[in-house]
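The block underneath contains the structure these notes are about, expressed in structure tokens.
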Amino acid sequence: MADSATIEAAADDEIHLASPFVQQLIRQLRAQDTHGAWDGKSDVQLLKPFVHTAEERRAIPIMGDPDPETLWRLEIFYNAIAVAVERQTGQMVSPMMKMSHEGFGRMVLIAGRLVVVNKQLRDVHRFGFASLAKLSDAGTKFLDEAVAMIREYPAVAQYGA
């Protein structure tokens, strides 16, 4: 029988799984599964590589090039934000990332001539979040800020403007 803490955590996960950003992230991940290998995975299982405990983060080496899987997850995270912004505003958003081999760089999301997200990337080797709630909150914050920026400067955000 499940204890009350487990039930509360599951209910909290359901709230975060329902957020527009997390829903888009799940769609992005499932779209990458061209052979159906993840069909049996739950949404929480699918998002597990984005969530790292403090111990798991410390165990990740930061020497050498960032792992290609980590870079892929980073791109999927920001792509999900871009598509969620497009769905809410109707403006096309393009992600652009510049990354050094040491795990430092920048990610920008651009709508027309407007930079709607500008994120310095550091310590990319350890990209991830402490919980599903932190993942949801981070993505939702970027999403909300980008949508607000487009609504404040709609003429700049339009392509061909």
Side-chain angles (χ1 to χ4, degrees), residues 9 12-33 37-38 41-89 91-153 156-157 159:
D12 192 43
D13 282 353
E14 288 301 318
I15 291 168
H16 293 292
L17 285 171
S19 78
F21 163 72
V22 174
Q23 284 296 303
Q24 187 57 52
L25 181 59
I26 291 166
R27 281 188 209 103
Q28 293 285 316
L29 289 166
R30 294 218 184 266
Q32 298 293 314
D33 181 27
W38 298 338
K41 284 189 173 189
S42 70
D43 292 343
V44 172
Q45 289 172 319
L46 205 59
L47 295 170
K48 174 60 182 127
F50 288 90
V51 178
H52 306 293
T53 65
E55 297 80 32
E56 290 171 337
R57 284 177 56 89
R58 280 192 291 276
I60 299 170
I62 58 171
M63 302 304 284
D65 294 349
D67 177 30
E69 288 247 345
T70 302
L71 293 174
W72 176 78
R73 280 193 308 275
L74 182 71
E75 288 180 15
I76 292 289
F77 177 82
Y78 285 98
N79 284 345
I81 294 166
V83 174
V85 170
E86 286 180 21
R87 287 182 182 269
Q88 287 193 23
T89 65
Q91 298 297 323
M92 188 183 327
V93 178
S94 302
M96 291 181 16
M97 181 171 71
K98 176 70 173 165
M99 181 68 57
S100 78
H101 68 280
E102 297 169 331
F104 297 94
R106 179 180 300 261
M107 173 62 82
V108 294
L109 300 182
I110 301 170
R113 293 178 285 141
L114 182 65
V115 175
V116 296
V117 171
N118 180 8
K119 177 67 175 154
Q120 270 309 118
L121 301 172
R122 300 191 190 296
D123 200 13
V124 168
H125 297 78
R126 294 181 176 166
F127 174 73
F129 301 88
S131 66
L132 180 58
K134 297 276 186 189
L135 168 68
S136 174
D137 292 347
T140 299
K141 180 181 176 200
F142 282 126
L143 171 61
D144 292 345
E145 289 173 356
V147 169
M149 182 80 73
I150 289 172
R151 290 192 174 138
E152 188 169 343
Y153 303 102
V156 182
Y159 278 89

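Because the structure is predicted, anything quoted here is derived from the model rather than measured. We count residues from 1, following the sequence as given.
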Residue pairs involving residues 58-77 (criterion ring-ring contact (aromatic ring centres under 6.0 Å, His included); sequence neighbours excluded)
F21-F77, F77-F127, F77-F129
Let me see the working for V147 and R151 under side chain to side chain contact (heavy atoms under 4.5 Å, CB included), right down to the final yes or no.
CA-CA 6 Å; V147 169; R151 290 192 174 138; 3.2 Å; yes
Can you check whether D65's main-chain N or O pairs, donor with acceptor, with E102's side chain at less than 3.5 Å?
no
Starting at CD1 of I76, measure out to CD1 of I26 and round the result to the nearest 0.5 Å.
13.0 Å
Worked check of side chain to side chain contact (heavy atoms under 4.5 Å, CB included) between Q88 and I150
CA-CA 10 Å; Q88 287 193 23; I150 289 172; over 6 Å; no
CD1-CG distance between I60 and D67, expressed to the nearest 0.5 angstrom
9.0 Å
Backbone of V51 reached by a side-chain donor or acceptor of K48 within 3.5 Å
yes
Is any side-chain heavy atom of V83 closer than 4.5 Å to one of R27?
no
Separation between CG of D33 and NZ of K41, rounded to the nearest 0.5 Å
9.0 Å
Looking only at atom types and distance, does a side-chain atom of E86 sit under 3.5 Å from a main-chain N or O of V93, one as donor and one as acceptor?
yes
Counting N and O atoms only, with roles assigned by atom type, does the side chain of R57 sit under 3.5 Å from a partner on the main chain of R126, one being a donor and the other an acceptor?
yes
Correct closest heavy-atom pair for H101 and P66 would be O-CD, 3.2 Å
Heavy-atom closest contact (P95 atom, M107 atom, distance):
CB-SD, 4.2 Å
I need the minimum non-hydrogen distance between R122 and F104, along with the two atoms involved.
CA-CD2, 3.8 Å
To check you understand the geometry: which heavy-atom pair defines the closest contact between R73 and P49, and what is its length?
NE-O, 3.3 Å
Start with the C-alpha distance between R106 and N118, add both sets of side-chain angles, then the distance that settles side chain to side chain contact (heavy atoms under 4.5 Å, CB included), and finish with yes or no.
CA-CA 7 Å; R106 179 180 300 261; N118 180 8; 2.5 Å; yes
Least distance between heavy atoms, A80 atom then Q24 atom
O-CG, 3.3 Å
Roughly how far, to the nearest 0.5 Å, is the OG atom of S19 from the CG atom of L135?
8.0 Å
Do L121 and M97 come close enough that some side-chain heavy atom pair is under 4.5 Å?
yes
Identify the heavy atoms of F50 and L29 that sit nearest to each other, and give their distance.
CE1-CD1, 3.8 Å
Heavy-atom donor-acceptor pair, R30 side chain to W38 backbone, under 3.5 Å:
yes
Is there a side-chain contact between D137 and H16 in this structure, where contact means two heavy atoms from C-beta onward sitting under 4.5 Å apart?
yes
Carefully, step by step, assess L109 and I81 under the rule side chain to side chain contact (heavy atoms under 4.5 Å, CB included).
CA-CA 9 Å; L109 300 182; I81 294 166; 3.5 Å; yes
Would you compute the distance between atom CG of L46 and atom CD of Q28 and round it to the nearest 0.5 angstrom?
11.5 Å
For A31, side chain to side chain contact (heavy atoms under 4.5 Å, CB included) partners two or more places apart
none
Which distance, rounded to the nearest 0.5 Å, do you find between the NE2 of H125 and the CG of L71?
8.5 Å
